[in-house]
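The next block holds one structure in the form of structure tokens; read it before the comments.
Values reported hereafter were calculated over all heavy atoms of this structure, with side chains retained and with hydrogens, waters and symmetry mates removed. Reminder, nothing fancy here: chain letters follow the sequence lines and each chain counts from 1.
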Protein chains: 2
Amino acid sequence: MTTTQELTEGLDDLPYNVFAKACPSRGTLEHVTGRWGGLILCALFEGSLRFNELRRRVDGVSEKMLSQTLHALERDGLVHREAQPTNPPRVDYELTRLGRGVAERLHGLIHFVEDSMDEVLAARERYDSARA
Amino acid sequence: MTTTQELTEGLDDLPYNVFAKACPSRGTLEHVTGRWGGLILCALFEGSLRFNELRRRVDGVSEKMLSQTLHALERDGLVHREAQPTNPPRVDYELTRLGRGVAERLHGLIHFVEDSMDEVLAARERYDSARA
DNA sequence: CTGCATCCCCAAGGATACTG
DNA sequence: CAGTATCCTTGGGGATGCAG
């Protein structure tokens with residue numbers, strides 16, 4: 001007996017496949033690796049932060065983008081929002097278990113890139129001077 | 001004049017720090033985690049590919065974006081371009097040692113996201129129904 | 001096949017002002 | 001403090017055409 005599953009297994013037809021244009025995992029990947037998503041998750045990996053702490057930590061985010069990105073990450077179940085009904089308001093953002101899994105890997109990637117920058121910059125100079 | 005470097009030193013004054021707006025590592029991170037960069041590196045992680053193979057593998061990339069992203073990755077020293085002076089032309093793209101380091105970590109991240117999609121989708125439903 | 005050049009649109013995202 | 005609402009600009013990126 002040959003099932004559809006058997007016919008297609010072994011290549012990329014796992015339940016979710018980023019390489020497929022329509023796969024929902026691509027959307028989540030973009031939230032996670034987007035311009036601000038990665039930095040926000042990585043910042044929260046070091047501990048929970050309040051809105052404006054996060055804003056200062058991630059140099060260059062606008063209020064709007066921080067708010068918007070946090071909403072997307074919260075919706076995807078990667079970030080938990082803890083609002084305290086005090087005055088003035090205090091809201092803490094922290095990673096969920098799922099979020100820690102993502103952030104841990106993102107953290108590894110980011111530090112690898114940081115540690116590689118000397119080589120990257122050297123490669124750029126070679127590339128540029130080769131066609132000057 | 002207060003520079004970003006001065007503002008952040010004492011905290012993360014490692015040679016390179018993605019959290020600082022002006023750090024060159026942020027640019028490279030964006031090449032690597034950009035909309036197409038991540039998928040291209042991840043595709044090449046499984047082996048070298050020709051231009052149109054890559055184009056088919058990464059469902060949805062336009063010719064322009066593939067070409068443009070490959071140039072950025074080549075310039076950063078992550079991808080090696082091997083052109084054969086045949087007719088018709090044949091060009092292979094493969095990861096450099098540095099590129100493999102990045103792609104390996106990216107690959108781990110991407111698969112973690114794919115494997116988490118059921119949970120992500122469930123979280124979205126909870127989030128949406130909670131404010132319907 | 002492997003691209004580069006051009007046109008063009010639209011949405012990401014910055015700036016600013018306002019609210020609870 | 002923690003956001004939301006609005007406006008407006010820029011460039012990301014798709015479509016098309018051409019070339020070696």
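Residues A:His111 and A:Glu114 bring a donor and an acceptor atom of their side chains to less than 3.5 Å of each other. There is no side-chain donor-acceptor pair under 3.5 Å between A:Tyr127 and B:Asp76.
For A:Glu63, the side-chain atoms get nearest to D:dT4 when compared with the rest of D:dC1, C:dG3, D:dT4. Nearest to the side-chain atoms of A:Met65 among the listed nucleotides C:dT2, C:dG14, C:dG3 stands C:dG14. For A:Lys64, whose side chain is taken as the heavy atoms from C-beta onward, the closest listed nucleotide among C:dG3, C:dA15, D:dA2 is C:dA15. Picking from D:dG20, C:dG14, C:dA17 the nucleotide with the shortest atom distance to the side chain of B:Pro89 gives D:dG20. Taking only side-chain atoms of A:Tyr93, from C-beta outward, the nucleotide of D:dG3, C:dG3, D:dG14 with the closest atom is D:dG3. Closest approach to the B:His71 side chain among D:dG3, C:dC1, C:dC4 is made by C:dC4 (side chain taken as heavy atoms from C-beta onward).
Note on ring orientation: taking the six-membered ring where Trp is involved, the planes of A:Phe51 and A:Tyr93 are tilted (angle from 30° to 60°).
At whole-Å resolution of the value, CD in B:Gln68 and P in D:dG12 are 7 Å apart. Rounded to an integer number of Å, the gap from A:Arg55 CZ to C:dG13 P is 15 Å. As a whole-Å value, the separation of A:Phe51 CZ from C:dG20 P is 18 Å. In this entry the distance linking CD of A:Glu82 with P of D:dG3 reads 12 Å, nearest Å. The CG atom of A:Asn87 sits 14 Å away from the C1' atom of D:dG3 (whole-angstrom rounding). We find that CD of B:Glu30 is positioned 15 Å from P of C:dA12, with the value rounded to whole Å. Per the geometry, CD belonging to B:Glu74 stands 10 Å off P belonging to C:dC4, to the nearest Å. As rounded to whole Å, 8 Å separates atom P of C:dG3 from atom CG of B:Leu70.
Residue-environment remark: CD (A:Glu94) exceeds the threshold of 12 foreign heavy atoms within 6.0 Å.
Dashed line: the shortest gap from a side-chain N or O of A:Arg81 to OP1 or OP2 of D:dG3 is under 4.0 Å. Side-chain N/O atoms of B:Arg90 include none lying less than 4.0 angstrom from OP1 or OP2 on C:dT2. Considering only side-chain N and O atoms, B:Ser67 lies under 4.0 angstrom from the phosphate OP1 or OP2 of C:dC4. Put simply, B:Asn52 has a side-chain N or O that comes within less than 4.0 Å of OP1 or OP2 on C:dT2. Taking only side-chain nitrogens and oxygens, B:Arg35 comes nearer than 4.0 Å to OP1 or OP2 of D:dG14.
Atoms CG and CG, from A:Leu70 and A:Leu41 in turn, are 9.0 Å apart once rounded to the nearest 0.5 Å.
Within the helix from C:dC1-D:dG20 to C:dG20-D:dC1, the inter-axis angle between the opening and closing five-pair segments is 50°, rounded to 10°.
Judged by closest nucleotide on DNA chain C, B:Pro88 is the one of B:Pro88 and A:Val61 placed further toward the 5' end.
Between the side chain of B:Asp59 and the backbone N or O of A:Ala20 there is no donor-acceptor pair closer than 3.5 Å. Under the 3.5 Å distance criterion, the side-chain polar atoms of A:Ser116 are left unmatched by any main-chain donor or acceptor of A:Glu119.
Of the candidates A:Asn87, A:Asp92, A:Thr86, A:Asp92 is the only one forming a side chain to side chain donor-acceptor pair (under 3.5 Å) with A:Arg90.
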